Structure formats: structure tokens, C-alpha cells
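Below is one structure; the comments refer to it alone.
Each chain gets a letter, A, B and so on, in the order the sequences are listed, and its residues count up from 1. Note that the structure is a prediction, hence the values are computed from the model and not measured.
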There are 2 protein chains.
Amino acid sequence: MPPRPPLTEPRHHRRVTLADVARAAAVSSATASRALADDARISLTTRGRVRAAADGLGYVPNAAARSLRARATRTLGLLLAELDDPVHAQVAAGFEQEAGARGYTVLIITGMTEPAHERRALKVFVEHQTDGIALVSTILAPAEVMSFARPDRVVFVQADHPSLAGYRLDPPTGSIRAGEVEGIEEAVRYLVASGYRQFAYLGTGATATNLTRRAAVERAMRAAGVRRPLRRFAVGARGWRSGDAIAQRIARSRPEVLICYDDKLALAVMDGLRAQGVDVPGDVAIIGFDGIPFAALSNPRLSTIASPSLEMGRRAAQMLVASIESGSLPSSIVLPVQLLIRDSSPPRRVAA
Amino acid sequence: MPPRPPLTEPRHHRRVTLADVARAAAVSSATASRALADDARISLTTRGRVRAAADGLGYVPNAAARSLRARATRTLGLLLAELDDPVHAQVAAGFEQEAGARGYTVLIITGMTEPAHERRALKVFVEHQTDGIALVSTILAPAEVMSFARPDRVVFVQADHPSLAGYRLDPPTGSIRAGEVEGIEEAVRYLVASGYRQFAYLGTGATATNLTRRAAVERAMRAAGVRRPLRRFAVGARGWRSGDAIAQRIARSRPEVLICYDDKLALAVMDGLRAQGVDVPGDVAIIGFDGIPFAALSNPRLSTIASPSLEMGRRAAQMLVASIESGSLPSSIVLPVQLLIRDSSPPRRVAA
DNA sequence: TTGTAGGCGTTATCAA
DNA sequence: TTGATAACGCCTACAA
């Protein structure tokens, strides 16, 4: 009896390599490599034969081998706080679109706003030799980030290290921000002109973005001649998920207008206020930040200072690719925000 | 005059390699490799010396080289339609969390629900030799997907190829779905018991998920003894962004209850209906799908059939890792959904 | 306990 | 126009 083959077929066929293609096309692997790269030195006949062999065998180049040799990975790292957050999702979408369109693949890691996570993420990027890294709302000190990677291959989007708060200079390298301060000035001017005097700000933690926004509100108030101080509220550890608790505090205080750190928070507070029987905008007007899609669908529709999140993601990828391919990182940019006055903050009926 | 060094420093120091570490520690690179891997055969002294050298030089292993040698990348591919979509973002978040916790890095690509994009994405995954691939709401035929990658290294989450619609079998490999049909049955039972008879369904395109949901509604209606047919509405190309146009059609038709393909759509329609002066739930009750966070914050709060999106993402990563490490892909699963009755679909005041 | 050598799959240099 | 060869950085079988 002839020996029978094992019952379980060797399912995992060895991956077809360039050498296999070369053999099938009866050329050397060097020729095969060049043929597939459409190198002009290879005759058209040979190129065709090699390509046919490659297609026939289902050849797919091995990125690891190629990267090893090329010292470049055509891969970009994206570090952001949370993927399931409307703003970050938008930035990520823009980044991925742009990167993909330019032939780069994206490695995404979430940092949960924790330094340890962020550091680990950077290390992973370095291991994987990403050609560039974008950091979104990340809290690590820029200087530390730079110690991990080539400074001209790093872009910060809304860098959130506390030291960056206020009006100080941005990190020494590529940075992308929204012109939120201008947006706030415009919003406060609008509010004051509309009859609002008693302002409150609902913030979250010690990130640069939060601190900057709050400070800008205060500055803008003074600039607009408002004397009464800004009432400050802060959310607890559960963030916007604790809308009710926050709403109770707001309900007690009853500012004329509440500016919220972001739309998520604003929407949660609106819901909480509703439960308290507080009318928006009748009793308290509300303004958010970011311009997430659902802010346009709430009831009442939420006024907001909208940042171009998708565009910021796109730009981050563009800057990185520019740096990689042209050798120099484009200079930092501030993208304009847009004040969207909707139903949560109408002009006040001062008289009547 | 001594020759001065060039003005522009060679900024790009060659990356430090294992050989560098070995040299610094005065051992062979083999020993260095083993020392860093905490190989018991290397003396503690040497291990310490090597580690010190590695730390001193800032050594970071090169993933490409390692992958090439190991024939594994510790990388997972995630293909989804859009990153800026509450459901996909949630799935992505769960996937990334779980993958990261298990030491895997995630390559994310968006497929825009277009076969060409999806194919390209798969090719990229193959090039990068991802150890596993998860496909979320993807429309490519499962068979075609399998031709790209090892079937036991692929997981489908809510596979959306039209052939998968209805109650047919799932793809032959790992699949993760929400038990939406059961959820729909429960919802319809609730609605009928609450006095609703005139149903409408607002859907979107020919994906398996949409077709399955619509069919399930019809089946459940019949099972509940409803005779009147289901009125069908479909959104146009702009999807949920055209809430107003859809709302006009709904306003004209005035079904007693409108079940929407997903929460996004439901929220958009609610906004459009409001503009039309149609009261929800007074004139039309509304139920959505997915259970996205903002569904809980709308006014009125949206009733919905909630899928465990985050968990589905987690499970996808778990299944892949299990397959990679234990050699066999766990069997397909259906995760239970949860019917959340909120304010957009209260029991009807039938009498009075 | 440590070292030597070879190969993972590509591409680039040099030679033919 | 094509081919042989080396090297990218790592790991491990084998030798010492």
C-alpha cells in the first residue's frame, strides 16, 4: 500500500516571493524586481513575462523586506486620545484619507490622555519605523516627544501639554491648531451685543486646550467691557457622561450663558438641564465648541465654535508627507474656526 | 586653520542597531539579542550590561527586520467604511483597545463602502503581512476576501455583502453580528402592544444589514398580527445628511411609527420633522438602531435597538488573536442587542 | 555561557 | 539588457 498523504492538507502555502516569480519567468530575481518596478532597462518582452508570472502566482511584495532595504516604510503613525470621540474620529478620518491618497498606510494608537500610554505608542511607532507621526490632543511634553523621533517628522494637532496653554508659543516643530481664540472673541462679542452679561464656562481638566479656551473667554469678556467675573464649572472624572450632575450645579447658578469646553459636554448639559426643567435658551443660553455633526441636530440646535477637524487631520498628513518627500517640514498653521449661532443662543429679548 | 565641520550637522544619526548595542556591551550580537530577550542562558551580569548599553544608546528594535525573520508582524488590519461614524468609531475603539492590550498594533484603512477601495485595502494588508484582518460592514463578497488572506485569519463584523441579507448563513469563517432580528422582534412586539399599527421603515441602500433589518421588521409585524403593509422609505445618496428632504416625505405619509436604519438617520429625521412642525412622538414615533451615545441626549431622547459596537470590536480582535496564537479561529458569534425604549416612542394613548 | 554563520525578501551596486 | 552579490537588522541552529 502506498503511503497516503496526511489527512490535513498543508493549508498554509508558503507565500510567493520574488524569487518564485523570477523562477517562473526564467529570469533572475534582480530582473524580476526591476521588471515589476517598470525599470526602463528591462525589455518590454521581459517586463510582460515577469508581470504575467507575478499575476499568475499571485505575488504580493513583502513590506517588511522592502522597508528593511529601503529604510522607509510608507507608514504614518497617528496617536490620539480616543477613537470614539466625534472630534478625534474626524481628525483620524481626514488623516487616513489623505495618507491613503498619497500611498501611506496608517498605524493608529489611542493614548487615553495618559502619558504612559502615549509614550508606549511612540515607542511602537519608532519600532515600526513610521516615516512620520501625528499627535492629536496629546499631553506629553513636546520636548519629550522629540526625544523619540526626528523632530521634522512629527506634527502636533491641538497639542495639549499644559505648558502650551494660553498665548505662548507652540511646540518648536510642525503644529496645527484651530484659531479658537479668535472664534471666542467673536462669540463673546456676539453674546455681549445680544444682551448677555453673566457668563459661565464649563471646562474639563488641565489640558492646554481647555485652559486656553477658558482664558480666552475671560480676556474676551474684559475686552468687551463685561465686569462680572466668569463663573467656572468643571466636570468630574466621568466627563461628559455625568451630564446630570453638572446640570444640577448649573441649574443652581443660572448664568445667562454657558460656554462649554466642547459640544459633547454642551449636549450632555442640555439634556441634564432639560431634566431639571431649565429652559435652553430661555433660562440659560449655551454655546459649545468643535462643531460636531450632532450639534446641528440637537433640539434646540446647538450654537458652537466649529473647528475644521477633518481638515486638520488632512493637513497633518499633508505636512508629514511633504516633510518626508521634500525634506522639510512645512511651517505651523492655525486654521480658522467658524462661529455658528444656532438656536441655543439667540439674541436676548432685553426689553419687553 | 583646522578644517571646520560642515555647517549643517548630520542631523539624521543612523538608527542604533543591535550590533551597536553588542559592540557597546562587548559581546556578540547573538548574545545581545538573547540578553534583551531575557534568555536564561545568558548570565545575569551580561544581561545587565547589555540592557544598560541598550538603554544608553536608546536602542529600539526594528520591527521590519524582526517581522522578516519571525514571519509574523504582530500587526492587525482593520478595514471599515468610515472612521467618522459613531458606530464604526466604536468598533474601531474596541478593536484597538483589545489589540493594544494584547501587544498588537493596528493598521486602519477605510473602504468607503466601495469594492475597489476595499480590495486595495486588503492588498495593503497582505503586503504588510498583517497577522489578522477584521472587516467591518464591508461589502466585498466573503469568497473574494478569502482569496486574499488565510481564511482563519479573517473576521467579519456585520458583513454587508448583499448576498448575506436575510436569514441565510453567514460567511464560512469567523463572523460577529448583533442579534438585531431578535431586537426587532422585541421592538415590534412592544410597539404593537403599545397601540401602534401603521409602521414605516426608513432604510439606506442594498447592504445586508439594511435588507436584514427591513425584512425582520416585516416578519415581526406579521408575527404580531399586523395586516397593514410596511411603508418603505429610502434615503438618497447624501445619506443622513439630507434629513430635511426625508422628513418632508415622512411628514406627508405620517406613519404612526418610523423605524430607522440607524440612529444617525433617526436623529436627522427628527430634526427635519421638527422643522416641518411634526411632533415626535405625538404625530410620529421614532425608533433607531445602534444605540450611539447621542441617541441618549436627543430631545426627545431616541428609542433604539442598541448593538454592543465596542464589544464587537473587542471580540473581533480577540478572535483574531486567538486564531493566531492558538491556531484555530473561534466560531462565529451573535451578540445580543438591547431594546432601549426612551421618549421618542412611548406607549400610545389609544383611548382618551 | 557565549560566539559564528546563515537566511528572512528586497533592492541597489557592480559586472558582464 | 541581464545577472550575481551584498546588505538592510534580527534571530536562532549549531558549534565551542
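One N or O on the side chain of B/H161 and one on the backbone of B/S163 form a donor-acceptor pair closer than 3.5 Å. At distances below 3.5 Å, not a single donor-acceptor pair connects side-chain atoms of B/Q90 with backbone N or O atoms of B/S309. In this structure, A/D55 contributes its side chain and A/A52 its backbone to no donor-acceptor pair below 3.5 Å. Distance alone, capped at 3.5 Å, places no donor-acceptor pair between the B/S67 side chain and the B/T73 backbone. Within the 3.5 Å criterion, the main-chain N or O of B/A25 finds a donor-acceptor partner in the side chain of B/R49. Counting only distance, with no hydrogens or angles, the side chain of B/E98 and the backbone of B/A317 share no donor-acceptor pair below 3.5 Å.
The nucleotide whose nearest atom lies closest to any side-chain atom of B/S28 is, among C/dT4, D/dC11, D/dG3, C/dT4. In the set C/dT10, D/dG3, C/dT4, C/dT10 carries the atom at the smallest distance from any side-chain atom of A/L18. The side chain of A/T31 has D/dG3 as its nearest neighbour among D/dC11, D/dG3, C/dG9.
Between A/L320 and A/F95, some side-chain heavy-atom pair lies under the 4.5 Å cut-off.
For B/S29, the side-chain hydrogen bond (donor to acceptor under 3.5 Å, both in side chains) test picks out no residue, with sequence neighbours left out. A/T110 pairs by the side-chain hydrogen bond (donor to acceptor under 3.5 Å, both in side chains) definition with B/E96, not counting sequence neighbours. In terms of the side-chain contact (heavy atoms from CB on, under 4.5 Å) criterion, residue partners of A/R47 (sequence neighbours excluded) are, by chain and number, A/A35, A/D38, A/I42, A/L44.
Toward the 5' end of DNA chain C, the nearer of the two residues A/A30 and B/R49, judged by each one's closest nucleotide, is B/R49.
Counting to the nearest Å, the P atom of D/dA15 and the CZ atom of B/R34 are 14 Å from each other. Summarising the geometry, the separation between CG on A/L36 and P on C/dG9 is reported as 16 Å, rounded to the nearest angstrom. In this entry the distance linking CZ of A/R23 with P of D/dA4 reads 13 Å, nearest Å.
Near DNA chain C, meaning a heavy atom under 4.0 Å from it, residues 39-46 of chain A has no residue at all. For the contact set between residues 55-75 of chain B and DNA chain C, defined by any heavy atom under 4.0 Å, the members are B/L68, B/R69, B/R71.
Residues B/R74 and B/E325 are paired through a salt bridge, judged by an N-O separation under 4.0 Å between the basic side chain and the carboxylate.
Using five terminal pairs a side, the axes of the helix from C/dT1-D/dA16 to C/dA16-D/dT1 at its two ends make an angle of 40°, given in steps of 10 degrees.
A sub-4.0 Å separation between OP1 or OP2 of D/dC11 and a side-chain N or O of B/S33 is present.
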